[in-house]
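Only heavy atoms go into these numbers, but all of them, side chains included; no hydrogens, no water, no symmetry mates. Everything quoted here is computed from the prediction, not taken from an experiment. Numbered from 1 within each chain, the chains take letters A, B, ... in sequence-line order.
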2 protein chains.
Amino acid sequence: MKRSRKAADTSTPAKIDIRSVASLARVSIATVSRTINHVPTVDPILAARVWKAVRELNYFPNTQARALVSGKSRLLGLIVSEITNPFFPELIQEFEHAAVAHGYEILLGSTNYEPKTMELCSRRMIERMVDGVAIMTFGIEDFLLDRFTADNIPFVFIDPAPSRPLNSVLAVDYRAGIYEGVQHLAVLGHRDIGFISGPLNRRSAQSRKAAFLSCLESTGIKANHDWLIEGTHTLDGGRDAMRHILALPNWPTAIMCSNDMTAIGVQHALFEANLKVPSDFSLIGFDDIHLAEYTIPPLTTIRMSCKDLANKAIENLLSRLNPPEGQGEDATTITTRLIARQTTGFPRNTLQDLKQTPARKPQSR
Amino acid sequence: MKRSRKAADTSTPAKIDIRSVASLARVSIATVSRTINHVPTVDPILAARVWKAVRELNYFPNTQARALVSGKSRLLGLIVSEITNPFFPELIQEFEHAAVAHGYEILLGSTNYEPKTMELCSRRMIERMVDGVAIMTFGIEDFLLDRFTADNIPFVFIDPAPSRPLNSVLAVDYRAGIYEGVQHLAVLGHRDIGFISGPLNRRSAQSRKAAFLSCLESTGIKANHDWLIEGTHTLDGGRDAMRHILALPNWPTAIMCSNDMTAIGVQHALFEANLKVPSDFSLIGFDDIHLAEYTIPPLTTIRMSCKDLANKAIENLLSRLNPPEGQGEDATTITTRLIARQTTGFPRNTLQDLKQTPARKPQSR
DNA sequence: CTGAAAGCGCTAACAA
DNA sequence: TTGTTAGCGCTTTCAG
């Protein structure tokens with residue numbers, strides 16, 4: 001008998017809607033609506049009555065109904081490529097946090113790099129009438145953007161198709177960090193640097209690789225194309241790519257990776273081959289996921305702040321939903337920088353560690 | 001001029017609703033509704049016309065409206081403790097996949113172990129009128145469950161409060177895997193086994209620890225309480241706990257951890273201390289996150305299938321939403337098992353590796 | 001400043 | 001089998 005405080009003895013739990021509040025507060029439902037939406041012109045007396053009723057009834061407005069009439073779902077789409085890559089959860093967390101702080105909910109879509117899934121995701125987002133979408137897939141088919149454009153849904157994404165002169169771009173300055181990385185390696189004496197990229201059909205992977213190549217050139221190092229391997233941005237991809245490199249007659253002395261997971265895969269391949277980091281190979285990752293600090297040895301990597309990314313994305317979206325006074329049309333930039341930890345050192349066979357047994361395969365050039 | 005194909009020349013993009021479809025198909029809106037909801041009694045001729053119109057108009061139903069009238073949001077809540085722990089993304093992925101496959105969307109909430117955040121999460125879920133909630137936080141305040149009960153929202157969770165004799169329990173058989181782990185260690189010759197638990201205010205952490213203790217006893221090994229450390233289920237927690245153990249006068253020869261992240265933290269602490277796994281310490285994790293295979297050396301751990309977990313959770317929820325014929329009221333069980341990789345070996349100072357320099361601290365007992 | 005009333009897009013009786 | 005109609009819970013004119 002203690003379970004219902006309002007429902008008297010009808011066994012149904014007495015649904016509380018705006019009308020219940022109105023009648024308890026002895027006002028019209030319009031006034032209730034205005035009150036809870038903080039319309040300033042409500043008589044404080046009535047407002048007080050309304051709030052009291054709201055509290056007593058433990059009322060909260062039905063989001064569906066609100067969304068229906070207002071046309072706004074207060075839902076933000078977040079499309080990521082692969083939730084299993086730790087970079088994304090970190091991003092999602094920030095994203096969720098920022099969204100909730102602004103009274104939005106997030107709808108998560110994970111594409112797993114499959115265009116079909118991506119297609120489905122977009123559709124889900126549109127069906128749910130998200131108010132905006134952040135596309136964090138590091139590469140998206142152009143035509144999918146059109147879809148959102150057509151539905152007039154604001155979106156942000158990383159690494160624009162050059163054909164998109166929109167204000168919805170989160171430009172990542174890959175070069176800054178990668179340049180630091182290459183310099184770092186060069187200073188240590190490395191001249192033979194390999195690069196394991198992400199899948200090259202993705203723009204971000206291309207950008208990173210291009211940045212690497214360009215930085216190499218700026219540094220006066222010649223690229224060896226045998227050491228430019230296409231990975232998958234996954235552990236397995238990194239491991240396989242490194243195995244591939246180890247099967248080559250010539251080895252580089254350092255490896256840069258397009259993301260941290262790849263680098264961890266590389267560490268694994270090296271471990272399998274009984275090779276040591278950094279004495280046999282120097283290694284640099286990209287992203288600076290939380291885990292990078294905890295690999296053995298801790299991974300030198302290039303940090304891209306996902307907190308930044310998330311916040312800027314939300315900011316961008318929200319500012320377009322509720323356009324403020326100044327219409328900032330500029331693309332936002334996310335920067336990157338080197339975090340030096342312990343996977344980088346002098347090249348093997350260098351004076352500094354001649355006492356060490358060199359790697360099993362002789363280095364020839 | 002090429003941008004609108006349907007909107008003629010009114011600049012608004014011509015919203016497509018059920019009425020547009022109805023008139024194009026020359027039927028009533030009710031027929032459209034029935035058709036798209038696959039009500040079997042629709043004349044195939046009309047249905048065909050409807051589908052044609054749907055396609056031509058590229059119509060899709062407004063979820064909000066549907067939800068409003070039907071009272072079902074087709075949203076499933078998923079509350080996790082910490083999205084940053086790789087176990088959860090793996091779970092989320094499975095969960096999302098399963099949900100979408102059934103036409104549901106998921107609403108993600110991350111509590112970060114803070115009751116206040118948890119409170120907020122529940123509220124968000126209720127406000128959005130989720131049709132069901134999976135609480136994967138490994139420990140939840142009882143009163144929060146009441147909230148869902150009161151709103152008549154089905155929920156599932158792990159490791160019940162004993163006071164909840166509901167059919168909404170996903171019981172995890174921690175003991176199975178942990179027993180295998182302890183046995184494995186015992187067979188190798190370990191008698192001095194430490195355990196780094198999760199936060200003991202969480203039920204799952206308690207369960208795992210209890211299971212460990214009980215398995216130790218079954219195996220005839222005496223527990224040393226100095227080696228029972230409370231961690232945090234995070235990298236840092238594991239590292240700190242291991243540092244703590246290393247500061248002790250007596251060391252165990254093997255460590256079991258309440259989750260993989262903790263174990264990775266332990267590996268890190270050992271690396272710092274220049275101690276080797278498994279020659280100086282054997283190490284076993286728990287969860288078998290994807291990454292475990294890629295630590296150096298690869299982590300021996302106890303697998304709890306999150307795919308299983310996700311699927312069973314969804315299954316449970318859905319079966320309660322659309323009750324089938326047979327009303328299975330039984331709690332589902334998730335089992336666990338040992339995955340032996342390379343972080344376990346003979347105890348140090350054992351015949352098998354006497355040639356190795358022993359750990360710096362002498363083992364005394 | 002407040003209330004009455006008209007929908008938002010859809011589903012579900014109910015009639016035909 | 002189909003169409004008509006009454007809402008779902010809320011916001012928002014529009015009078016008062």
Worksheet entry | Strand contacts (DNA chain D) in residues 42-52 of chain B, 4.0 angstrom heavy-atom criterion | V42(B), D43(B), L46(B)

Practice prompt. Within residues 66-77 of chain B, find the residues that approach DNA chain D with a heavy atom at under 4.0 Å, and present them sorted by residue number.
Written response: L68(B), V69(B)

Worksheet entry | Chi angles and distances behind the side-chain contact (heavy atoms from CB on, under 4.5 Å) call for E94(B), E90(B) | CA-CA 6 Å; E94(B) 296 298 343; E90(B) 295 178 18; 5.9 Å; no

Worksheet item: Hey, where on DNA chain C does chain A first and last touch, going 5' to 3'? Cut-off is any atom under 4.0 Å from a heavy atom.
Response: dC1(C) to dG9(C)

Worksheet, complete the sentence: The side-chain hydrogen bond (donor to acceptor under 3.5 Å, both in side chains) partners of D43(B) (sequence neighbours excluded) come to none

Fill in: Trace of the side-chain contact (heavy atoms from CB on, under 4.5 Å) decision for N112(A) with Q93(B)
CA-CA 10 Å; N112(A) 296 311; Q93(B) 182 168 45; 2.9 Å; yes

With a 3.5 Å cut-off and sequence neighbours excluded, list the donor-acceptor pairs that the side chains of residues 30-37 of chain A form with protein atoms.
{"from": "T31(A)", "atom 1": "OG1", "to": "S28(A)", "atom 2": "OG", "distance (Å)": "3.3"}
{"from": "S33(A)", "atom 1": "OG", "to": "N37(A)", "atom 2": "ND2", "distance (Å)": "3.4"}
{"from": "T35(A)", "atom 1": "OG1", "to": "T31(A)", "atom 2": "O", "distance (Å)": "2.7"}
{"from": "N37(A)", "atom 1": "OD1", "to": "R66(A)", "atom 2": "NH2", "distance (Å)": "3.0"}
{"from": "N37(A)", "atom 1": "ND2", "to": "S33(A)", "atom 2": "O", "distance (Å)": "2.9"}

Considering only distance and modelled atom types, tabulate donor-acceptor pairs under 3.5 Å from the side chains of residues 98-106 of chain A, sequence neighbours left out.
{"from": "E105(A)", "atom 1": "OE1", "to": "R124(B)", "atom 2": "NE", "distance (Å)": "3.3"}
{"from": "E105(A)", "atom 1": "OE2", "to": "R124(B)", "atom 2": "NE", "distance (Å)": "2.6"}
{"from": "E105(A)", "atom 1": "OE2", "to": "R124(B)", "atom 2": "NH2", "distance (Å)": "2.3"}

Discussion item. One pair to check against side-chain contact (heavy atoms from CB on, under 4.5 Å): M129(A) and N62(B). What are the steps and the verdict?
Written reply: CA-CA 8 Å; M129(A) 310 227 293; N62(B) 180 321; 3.4 Å; yes

Worksheet item: Should R123(B) and E127(B) count as an ion pair when the cut-off is N to O under 4.0 Å?
Response: yes

Worksheet item: Taking only residues two or more places apart in sequence, or in another chain, which ones meet S110(B) in a side-chain hydrogen bond (donor to acceptor under 3.5 Å, both in side chains)?
Response: none

Worksheet, complete the sentence: Bend of the helix from dC1(C)-dG16(D) to dA16(C)-dT1(D) from end-axis comparison, five pairs per end, nearest 10°, comes to 40°

Worksheet, complete the sentence: Which of I334(B), I135(B), L309(B) passes side chain to side chain contact (heavy atoms under 4.5 Å, CB included) with I158(B)? Answer is L309(B)

Discussion item. Run the side-chain contact (heavy atoms from CB on, under 4.5 Å) test on T111(A) and V80(A) for me, step by step, so that the C-alpha distance in whole Å, both residues' side-chain angles and the decisive distance to 0.1 Å come before the verdict.
Written reply: CA-CA 6 Å; T111(A) 70; V80(A) 301; over 6 Å; no

Worksheet, complete the sentence: For D17(A), the side-chain hydrogen bond (donor to acceptor under 3.5 Å, both in side chains) test, sequence neighbours excluded, returns S20(A)

Item to complete: Would you grab the first and last nucleotide of DNA chain D (5' to 3') that comes under 4.0 Å of any non-hydrogen atom in chain A?
Response: dG9(D) to dT13(D)

Worksheet item: Which residue pairs satisfy the ring pair (Phe, Tyr, Trp, His ring centres under 6.0 Å) criterion with at least one member in residues 41-72 of chain A, sequence neighbours excluded?
Response: H38(A)-W51(A)

Worksheet item: Any donor and acceptor pair, going by atom type alone, linking the side chain of R49(A) with main-chain N or O of R26(A) inside 3.5 Å?
Response: yes

Discussion item. Quick check on DNA chain D: between A65(B) and P40(B), whose nearest nucleotide comes earlier from the 5' end?
Written reply: P40(B)

Discussion item. Do L78(A) and I92(A) have side chains that approach each other closer than 4.5 Å (heavy atoms only, starting at C-beta)?
Written reply: yes

Response to the item:
Contacts of K72(B) meeting salt bridge (charged side-chain N to carboxylate O under 4.0 Å, His left out) (sequence neighbours excluded), chain-then-number -> none

